[in-house]
Protein chains: 2
Amino acid sequence: MSEFKPLDPLLHSQLRLAVMSLLLSVDEAEFTFIKEKTESTAGNLSVQLDKLEKAGYVQIEKSFRGKRPLTTCKITQVGVKAFESYVENLKKYIT
Amino acid sequence: MSEFKPLDPLLHSQLRLAVMSLLLSVDEAEFTFIKEKTESTAGNLSVQLDKLEKAGYVQIEKSFRGKRPLTTCKITQVGVKAFESYVENLKKYIT
DNA sequence: ATAAATAGGTTTATTTTATAAACTATTTTA
DNA sequence: TAAAATAGTTTATAAAATAAACCTATTTAT
């Protein structure tokens, strides 16, 4: 077996990795908060969150705050596991 | 400033990262050795080595062993530096 | 001696990603 | 009541990764 295990392509992406990292550190986070913290554009973030959701790595809830739409994100247990194993694999590349 | 510093796109790629990681651990390496260790196809490896060379991260020497072509790769100081700073940045995403 | 297989790659084509730009819908402010 | 802002989504474009096809020379088998 190779030293270099495959890196989950869903996590091996700067923005998605930043999003996951952020979501690991909080209970949940709003779309705009993630956007600011990651310094991403809304469009890009929207697309990447979609992918993470489709993979079951995050859970996305749409609601309203007052009259405006509010998108809230939470990492799932599947997401946590995937992140951890990604990091384990990655370590073999960087140490 | 954001927690998430940009990750050098040249290094944030599975195969190129594996190549750099490998080259860090040896004095120099032959094309076929790298190909085996990284379990990559020759085409893909050729393209990625080219990019690393153009960035000045590796140095590539073409010669002959007996009658057959031999491609030998070595990481440069610029490459080592880039790798180190990539790892520093990456750590903020994964810890 | 010729044909087929192997070595050691490179080049080109295709698919996938990342990203930006444009758009929608509502709401607030001037 | 326009104009600008909020909170996103959708579509288009650029860039990357990867695979497939190709090339040249060398061995090996017939």
Side-chain angles (χ1 to χ4, degrees), chain A residues 2 4-22 28-55 57-74 86 89-90 93, chain B residues 2 4-21 28-55 57-74 82 86 89-90 93:
Chain A
S2 167
F4 302 115
K5 301 226 183 101
L7 299 174
D8 182 345
L10 234 101
L11 294 180
H12 198 63
S13 134
Q14 176 161 194
L15 181 48
R16 288 194 300 269
L17 191 63
V19 168
M20 292 291 280
S21 175
L22 194 55
E28 55 176 38
E30 296 173 14
F31 185 96
T32 52
F33 176 77
I34 299 173
K35 177 173 170 297
E36 278 159 28
K37 283 288 181 185
T38 60
E39 288 172 0
S40 57
T41 61
N44 193 8
L45 182 56
S46 179
V47 169
Q48 307 310 328
L49 279 176
D50 240 50
K51 291 183 187 174
L52 291 173
E53 186 189 28
K54 270 163 193 155
Y57 290 2
V58 306
Q59 197 191 314
I60 296 181
E61 273 220 3
K62 273 146 200 318
S63 61
F64 284 86
R65 173 160 48 205
K67 305 182 167 173
R68 319 193 131 202
L70 179 66
T71 300
T72 308
C73 309
K74 237 179 133 112
Y86 168 78
N89 291 343
L90 186 60
Y93 291 69
Chain B
S2 167
F4 302 114
K5 302 226 182 101
L7 299 174
D8 182 345
L10 234 100
L11 294 179
H12 197 63
S13 133
Q14 177 161 194
L15 181 51
R16 287 194 301 271
L17 192 63
V19 168
M20 292 290 282
S21 175
E28 55 176 36
E30 295 173 15
F31 185 96
T32 52
F33 176 77
I34 300 173
K35 177 174 170 296
E36 277 159 28
K37 282 290 182 185
T38 60
E39 288 172 0
S40 56
T41 62
N44 193 8
L45 183 56
S46 178
V47 169
Q48 305 312 327
L49 279 176
D50 240 51
K51 290 184 189 177
L52 290 174
E53 187 188 27
K54 270 164 192 154
Y57 290 0
V58 307
Q59 197 192 311
I60 296 179
E61 274 218 4
K62 271 147 202 316
S63 61
F64 282 85
R65 173 161 50 207
K67 305 181 168 175
R68 327 202 115 176
L70 178 67
T71 300
T72 310
C73 308
K74 236 179 134 112
Y86 167 78
N89 290 343
L90 186 60
Y93 291 70

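Protein chains get the first letters and strands the later ones, always in sequence-line order, with residue 1 at the start of each. Side chains included, hydrogens not; waters and symmetry mates left out as well; all remaining heavy atoms used.
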Separation of C/dT19 C1' from A/Lys35 NZ (nearest whole Å): 14 Å

Which residue lies toward the 5' end of DNA chain C, B/Val47 or A/Ala42, if each is placed at its nearest nucleotide? B/Val47

Report which part of the nucleic acid A/Gln14 touches: base, sugar-phosphate, or nothing (heavy-atom distance under 4.0 Å, all strands). nothing

Within the 4.0 Å heavy-atom criterion, would you say B/Leu70 contacts the bases, only the backbone, or no part of the nucleic acid? sugar-phosphate

Using a 4.0 Å heavy-atom cut-off, does A/Ser40 contact any base of the nucleic acid, only the sugar-phosphate backbone, or nothing at all? nothing

Paired with C/dT19: which nucleotide, if any, by Watson-Crick or G-U wobble criteria at under 3.5 Å for both distances? D/dA12

What are the two closest non-hydrogen atoms of A/Lys51 and A/Leu10, and how far apart are they? O-CD2, 3.7 Å

From D/dA7, C/dG8, D/dA16, nucleotide with atom closest to A/Thr32 side chain: D/dA7

By the 4.0 Å heavy-atom rule, please label A/Thr71 as base, sugar-phosphate, or nothing. sugar-phosphate

Closest nucleotide of DNA chain D for B/Lys67 versus for B/Ser13: which of these residues is on the 5' side? B/Ser13

Here the pair of heavy atoms bringing B/Pro6 nearest to B/Asn89 is O-ND2, 3.4 Å

Nearest-Å distance, CG (A/Asn44) to P (C/dA21)? 12 Å

Can you tell me if B/Ser40 and B/Lys35 form a side-chain donor-acceptor pair at under 3.5 Å? no

Using every non-hydrogen atom in the two residues, find where B/Tyr86 and B/Leu7 come nearest and quote the distance to one decimal. CE1-CB, 4.0 Å

Whole-Å gap separating C1' (C/dT26) and CZ (A/Arg65): 15 Å

The side chain of A/Ser46 lies closest to which of these nucleotides: D/dT10, C/dT11, C/dA18? D/dT10

